[in-house]
2 protein chains.
Amino acid sequence: MNFSLSEENYLKTIFHLEQHFKEGVSTNAIAEKLETKPSSVTDMVQKLAEKEVIRYVKYKGTTLTEKGRKVAIKIIRKHRLWEVFLVDKLDFQWDEVHEIAEQLEHIASEELINRLDEFLGFPTVDPHGDPIPTKEGLIKNSQKRLLSKLSVGEQGICVGVKDSESEFLKFLDKKNIAIGSQIEVLSKEEFDHSLQINLDGKLLYISKLISDNLYIKLDG
Amino acid sequence: MNFSLSEENYLKTIFHLEQHFKEGVSTNAIAEKLETKPSSVTDMVQKLAEKEVIRYVKYKGTTLTEKGRKVAIKIIRKHRLWEVFLVDKLDFQWDEVHEIAEQLEHIASEELINRLDEFLGFPTVDPHGDPIPTKEGLIKNSQKRLLSKLSVGEQGICVGVKDSESEFLKFLDKKNIAIGSQIEVLSKEEFDHSLQINLDGKLLYISKLISDNLYIKLDG
DNA sequence: AAATATTTTTAGTTTTGTCTAAAAATAAAA
DNA sequence: TTTTATTTTTAGACAAAACTAAAAATATTT
Ligand SMILES: [Mn+2]
Ligand SMILES: [Mn+2]
Ligand SMILES: [Mn+2]
Ligand SMILES: [Mn+2]
């Protein structure tokens, strides 16, 4: 079965949102992620339910079927492999690749993506630390964790931010925190959950607001 | 100005067809190349004329404006660079890449294509011997010529076929003519325009039907 | 529980790109 | 130069994917 660019974007979005919804994914949540109107989402989910890639119950939200899950994972695999290509081979920065990968993920060719995978040396994670699904559709649990979730003594490298607001990124620049920075948790303050960390050999204090927005990929 | 996937395919097709039309490109010719109906072509060329990328005179055919030519050349540049990538980096065969490049040519990012160009070592021709337009939009004259147009004594390597019908390709296999074969014209028969050639060191006779369908890239 | 607010769906349009059928223009043949 | 054939355009329809406005269902307050 074939899917349009639009259908693929819906399936991928529903897959991502399912991780944050206990029951079905809400119509409004999909609309917001795709920057479209809820009424458009209703139309589309009805069509996708017809195609049996999602289960849709009026007013109750949607969930992917096994078939839909497989389609979504294939798109995510393509997205992340292309991101690796852009960063590793074409020297793009981690924050420049998303928009382009958003287009490349829709190129249809099994052969292409498997050869790309091989060309890249079968990478297991993308430039943001997210796991790359295998050809068979298996996804390893993400290696990256929020800095705020690390225990004292754990260390790793900074691989991304949760919400990449411009203000926040400027703050990171000022503090010399960048993608690739080595970070070790030295101690935690119980009262306000602030952290004392070792950043590339230098001592630094970090508030909870910050540690809640920084992703760390653990060493090893 | 932005162009849809469909508009881009029309512009590229008109560019290619202009090389074979003295006046404007006919509606039917476009329809045949794009495997669509003439009425659909009329609709589209009227829209493209509005956008001032083509000149269109009712019943007289269409020609690209300078603006349209630039857009077409950019798409062709992308198409051919991606073909080089597929063959040189991902080890595809020359005859397997067209369909995939047909999709990749529509990925929108100047930065991407210029970095890809650099990554590939600024190639000047694609796997079929066709010239790759520069970033500035310049196209070198194609190095490849039909075998039938070569003079006695000229030599080069086989880089492609004009019409890749399965029957013809099978014939080439039987005669050991392949992409990469070294070919030298030894003599021409005036009567039926058949050729005596040196194919990778072996003597071979070739009819006009064959020499009219084989592209040779001259040495040097 | 009733009133109010929010979410979701329906109904009716719009745009893009395609199609079929029929009419009009142009080209070729008689 | 008529007649016939071919090419091209118009008119009207359709499917995909979006939208607005309004109705219906669900959730939250009072
Ligand atoms: Mn996308
Ligand atoms: Mn990513
Ligand atoms: Mn194309
Ligand atoms: Mn080519």
Side-chain angles (χ1 to χ4, degrees), chain A residues 1-14 17-18 20-64 68 71-72 75 102-103 105-106 108, chain B residues 1-14 17-18 20-64 68 71-72 75 102-103 105-106 108:
Chain A
M1 192 176 287
N2 266 31
F3 297 92
S4 71
L5 187 143
S6 202
E7 289 173 329
E8 289 193 348
N9 282 334
Y10 271 88
L11 290 173
K12 191 184 65 163
T13 298
I14 294 166
L17 287 172
E18 267 189 340
H20 305 285
F21 276 78
K22 280 294 155 204
E23 337 255 302
V25 176
S26 79
T27 298
N28 269 5
I30 298 169
E32 198 176 340
K33 258 286 176 69
L34 289 173
E35 297 181 82
T36 186
K37 302 291 170 184
S39 54
S40 306
V41 174
T42 301
D43 283 347
M44 182 58 97
V45 295
Q46 286 173 348
K47 202 177 66 171
L48 291 174
E50 282 290 317
K51 286 191 161 189
E52 298 186 310
V53 282
I54 64 171
R55 277 172 291 272
Y56 164 64
V57 185
K58 258 191 194 181
Y59 298 103
K60 298 287 177 185
T62 66
T63 52
L64 291 178
V71 176
I75 302 161
E102 204 61 37
Q103 299 178 60
E105 72 189 358
H106 302 289
Chain B
M1 191 178 287
N2 266 31
F3 297 91
S4 71
L5 187 142
S6 203
E7 289 173 329
E8 289 193 347
N9 282 334
Y10 272 88
L11 290 173
K12 192 186 64 164
T13 298
I14 294 167
L17 287 173
E18 267 188 339
H20 305 286
F21 275 78
K22 280 295 157 199
E23 339 253 305
V25 177
S26 77
T27 299
N28 268 5
I30 299 170
E32 199 175 339
K33 259 285 176 68
L34 289 173
E35 297 181 81
T36 184
K37 300 294 169 182
S39 55
S40 305
V41 174
T42 301
D43 284 346
M44 183 57 97
V45 295
Q46 286 173 348
K47 201 177 68 172
L48 291 174
E50 283 290 317
K51 286 193 163 189
E52 297 184 312
V53 284
I54 64 171
R55 278 173 292 274
Y56 163 65
V57 185
K58 256 192 194 177
Y59 297 104
K60 297 286 177 182
T62 67
T63 52
L64 291 178
V71 176
I75 302 160
E102 203 61 36
Q103 298 178 61
E105 71 188 359
H106 303 289

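Chain identifiers are assigned alphabetically (A, B, ...) following the order of the sequence lines, protein sequences preceding nucleic acid strands; residue numbering begins at 1 within each chain. All values below were derived from every heavy atom in this structure, side-chain atoms included, with hydrogens, water molecules and symmetry-related copies excluded.
The distance from atom NZ of B:Lys58 to atom P of C:dA24 is 12 Å, rounded to the nearest whole Å. For the pair B:Asp43 CG and D:dT8 P, the computed distance is 15 Å after rounding to whole Å. The interatomic distance linking A:Lys60 (NZ) with D:dA27 (P) rounds to 6 Å, in whole Å. For A:Tyr56 and C:dT9, the OH to C1' distance is 6 Å, given to the nearest whole Å. One atom, OH of B:Tyr10, and another, C1' of C:dT16, lie 12 Å apart when rounded to the nearest Å. Counting to the nearest Å, the C1' atom of C:dT16 and the CG atom of B:Asn2 are 15 Å from each other. Remark: C1' of D:dA18 and CG of A:Leu48 are 15 Å apart, rounded to the nearest angstrom. Taking atom CE on B:Met44 and atom C1' on D:dT9, their separation rounds to 16 Å, with Å as the unit.
Taking the side chain as every heavy atom from C-beta outward, A:Ile30 and A:Tyr10 approach each other to under 4.5 Å. For the pair B:Asn2/B:Glu7, no side-chain contact is recorded, criterion being any heavy-atom separation below 4.5 Å from C-beta on.
Distance from the side chain of B:Lys37 is smallest for C:dC19 among the nucleotides D:dT20, C:dC19, D:dA18.
Crowding of B:Glu52 atom CD: a count of heavy atoms from other residues, nucleotides or ligands under 6.0 Å not exceeding 12.
At the phosphate of C:dT18, neither OP1 nor OP2 sits under 4.0 Å from any side-chain N or O atom of B:Ser40. The phosphate of C:dT10 has neither OP1 nor OP2 within less than 4.0 Å of any side-chain N or O from A:Tyr59. Proximity of A:Ser6 to the phosphate of D:dA18: a side-chain N or O atom is located under 4.0 Å from OP1 or OP2. Regarding contacts with the backbone of C:dT6, every side-chain N or O of A:Asn28 stays at 4.0 angstrom or more from both OP1 and OP2.
Side-chain atoms of A:Thr27 and base atoms of C:dT9 include no donor and acceptor less than 3.5 Å apart.
The structure places CZ of B:Phe21 at 12.5 Å from OG1 of B:Thr63, a figure rounded to the nearest 0.5 Å. Taking NZ from B:Lys33 and CD1 from B:Ile14, the interatomic distance works out to 11.5 Å, rounded to the nearest 0.5 Å.
Mapping A:Ser39 and B:Ala29 onto DNA chain D via the closest heavy atom, the residue that lands nearer the 5' end is B:Ala29.
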